[in-house]
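Letters go in sequence order (proteins before strands), and every chain restarts at 1.
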Amino acid sequence: MITITDIHKHFDRQEVLHGIGASFDAGKTNLIIGRSGSGKTVLLRCIVGLLTPDQGEVLYDGRDIHHLAGDEATRLRQEMGMLFQGAALFDSMDVLHNVLFPLEMFSSKTYREQLQRARFCLERVGLTGAEGKMPSELSGGMQKRAAIARAIALEPRYLFCDEPNSGLDPISSRIIDGLISDITHEYGITTIVNTHDMGSVRGIGEQVLFIHEGRAEWTGTGDTIEQTESPHLREFLDHV
Amino acid sequence: MLYKSLHSLGNYLLLMRRTFTRPQRGRIFWQQFVREFYQLGFNSLFIVILMSFFIGALLCVQIKINIWSPWMPRFTIGYAMREVILLEFASSIICIILAGKVGSNIASEIGTMRVTQQIDALDVMGVNSANYILLPKIVAMVSAIPLLVTFSIAAGFVGAYVVCWAGGFLSMSDLTYGLQYSYDNWHLWSGYVKALVFAFIIASVSGYFGYTVQGGSIEVGRAGTNAVVVSSVLILFTDLLLTNLLMT
Ligand SMILES: Nc1ncnc2c1ncn2[C@@H]1O[C@H](COP(=O)(O)OP(=O)(O)O)[C@@H](O)[C@H]1O
Ligand SMILES: [Mg+2]
């Protein structure tokens, strides 16, 4: 479980997050939704520690990621996997070596076992035949799937996805959503997904946090969202 | 302007502190090192040899035509040419050429990794991205430079011999005598010392510009240009300092 309390973040003079609190359960897909520019990416980057919030704390099962000693932070990071908006595959390596990278870097397994694990992850996302391809030779959907394989290579306890469906057609989007949801339930991962795709909300939105201009406006489950009384969420739903 | 420069200097030093730590996986570091040595060092060999050959030849021609007068001994041509190559060309000028080739390459490669979030991906995994990306490049560049300087000196001398032989305005023995005349080993070594410092400047400064890119492809392009300009200026400035330090 991940708990955040009163997260504030500003850039220059612009305050982007005005005190957001929420908790994200293990074994569930937790969605953060909102319009473009509402602060979803900034919030997620604060949660994973790529940005330091001005105020507030982020607890991973009680561990405050922004105040951990160096080696404890590195250990926590090995329990985290992240899928970036542009997939962020290492473009100097083929698909297999992208997935092998976190294993080679951190795992104490033998090379054979690492290779086995990498192949298993690729099979899990349906990319068995693409092992030797370079990232630039893959379609957008395949890049996202390879990035998911890399994110789960070290069997993470926490998974983060920033707009996993951006730039994908509806069918590929549902495949990626399905993968994220299945993996979350199979391994009991605490998953947080940023999205503005209503298809995802209806499909995999077990817990939804709606943010509007840097404030948490509504939380609930995906199936109760249509009954909302929040005017901003109403407006958001009516336009997508 | 001054504030901005000091701010950048501070950030540069912080980045270097993160870069110079023990690699998390030695084997991965050596793999990267070999790749960078090939890409940054070996791939620069051809341009270094080509340029040095022509500069060696041109120096002889210029000195003969424009500087030399009949009252000077003929071997001064070889002597002057050797000093120019050893003292400045093979170290400073070659490094400025490399700042253009290698510096822009490093800055745009790392800058692209930044804007495509590959560096963020490393950081999220718990990899020290500065150490993983920059250290192999810096170490490779510094270890490749003595090789490049050696080839530059050799190619410069070959150029001189070829032009004297083909142009026929200086006998081989006069040239050889000039090249050996009043030879001071320290002039050779100081060139190597300077080149090591310059190689470090090229790799680390270009790495800094790439690593700190914010934005998109336009900013990556700008980082490439800035890397070349700033490292060239720094090389010339340090050259002045080092020359005063090493030669007096
Ligand atoms: N590095 C940054 N520097 C300055 N402003 C930023 C930065 N990152 C995001 N912002 C601003 O924060 C706001 C929220 O952005 P973001 O979190 O990316 O929105 P989204 O919900 O679409 O992911 C935007 O107005 C954006 O301009
Ligand atoms: Mg976003």
*asked:* Could you check whether atom CG of Leu13(B) has more than 12 heavy atoms from other residues, nucleotides or ligands sitting under 6.0 Å from it?
replied: yes
Bottom line for Leu76(A): the part with an atom under 4.5 Å from chain B's heavy atoms is neither
Please determine whether the number of non-hydrogen atoms from other residues, nucleotides or ligands lying under 6.0 Å from atom CH2 of Trp186(B) exceeds 12. yes
Rounding to 0.5 Å, atoms CZ (Phe101(A)) and CZ (Arg25(B)) come to a distance of 10.5 Å
Using a 6.0 Å cut-off, check whether atom OH of Tyr161(B) has over 12 heavy atoms from anything other than its own residue. yes
- Above 12 or not: heavy atoms from other molecules or residues under 6.0 Å from CZ of Arg63(A)? yes
Answer key: most heavy-atom pairs under 4.5 Å with chain A among Thr116(B), Asn128(B), Val124(B) is Val124(B)
### Message
Quick check on Glu213(A): does its CD atom have over 12 non-hydrogen neighbours (other residues, nucleotides or ligands) under 6.0 Å away?
### Response
no
Separation between CG (Asn98(A)) and CD (Gln118(B)), nearest 0.5 Å, reads 8.0 Å
Nearest heavy-atom contact between Gly126(B) and Thr74(A) is O-CG2, 3.7 Å
Rounded to the nearest 0.5 Å, the CD atom of Gln32(B) sits from the OG atom of Ser92(A) at a distance of 7.0 Å
Report task. Check the surroundings of atom CZ in Phe20(B): do more than 12 heavy atoms from other residues, nucleotides or ligands lie under 6.0 Å from it? Result -> yes
Subject >> More than 12 heavy atoms from other groups under 6.0 Å of OH on Tyr3(B) >> reply: no
In this structure, CE of Met105(A) is separated from CD1 of Ile28(B) (nearest 0.5 Å) by 4.5 Å
Donor-acceptor under 3.5 Å (Arg77(A) side chain, Met125(B) main chain) | no
So, the part of Phe160(A) with a heavy atom under 4.5 Å from chain B: the answer is neither
*Are more than 12 heavy atoms from other residues, nucleotides or ligands located less than 6.0 Å from atom NE2 of His185(A)?*
yes
Closest heavy-atom pair, Ala88(A) versus Ala121(B), reported as atoms and distance to 0.1 Å, is O-CB, 4.2 Å
request  = Determine, step by step, whether Arg45(A) and Asp120(B) satisfy the salt bridge (Lys or Arg N to Asp or Glu O under 4.0 Å) criterion, reporting the C-alpha distance in whole Å, the side-chain angles of both residues, the deciding distance to 0.1 Å, and the verdict.
outcome  = CA-CA 10 Å; Arg45(A) 290 172 74 85; Asp120(B) 291 337; 3.0 Å; yes
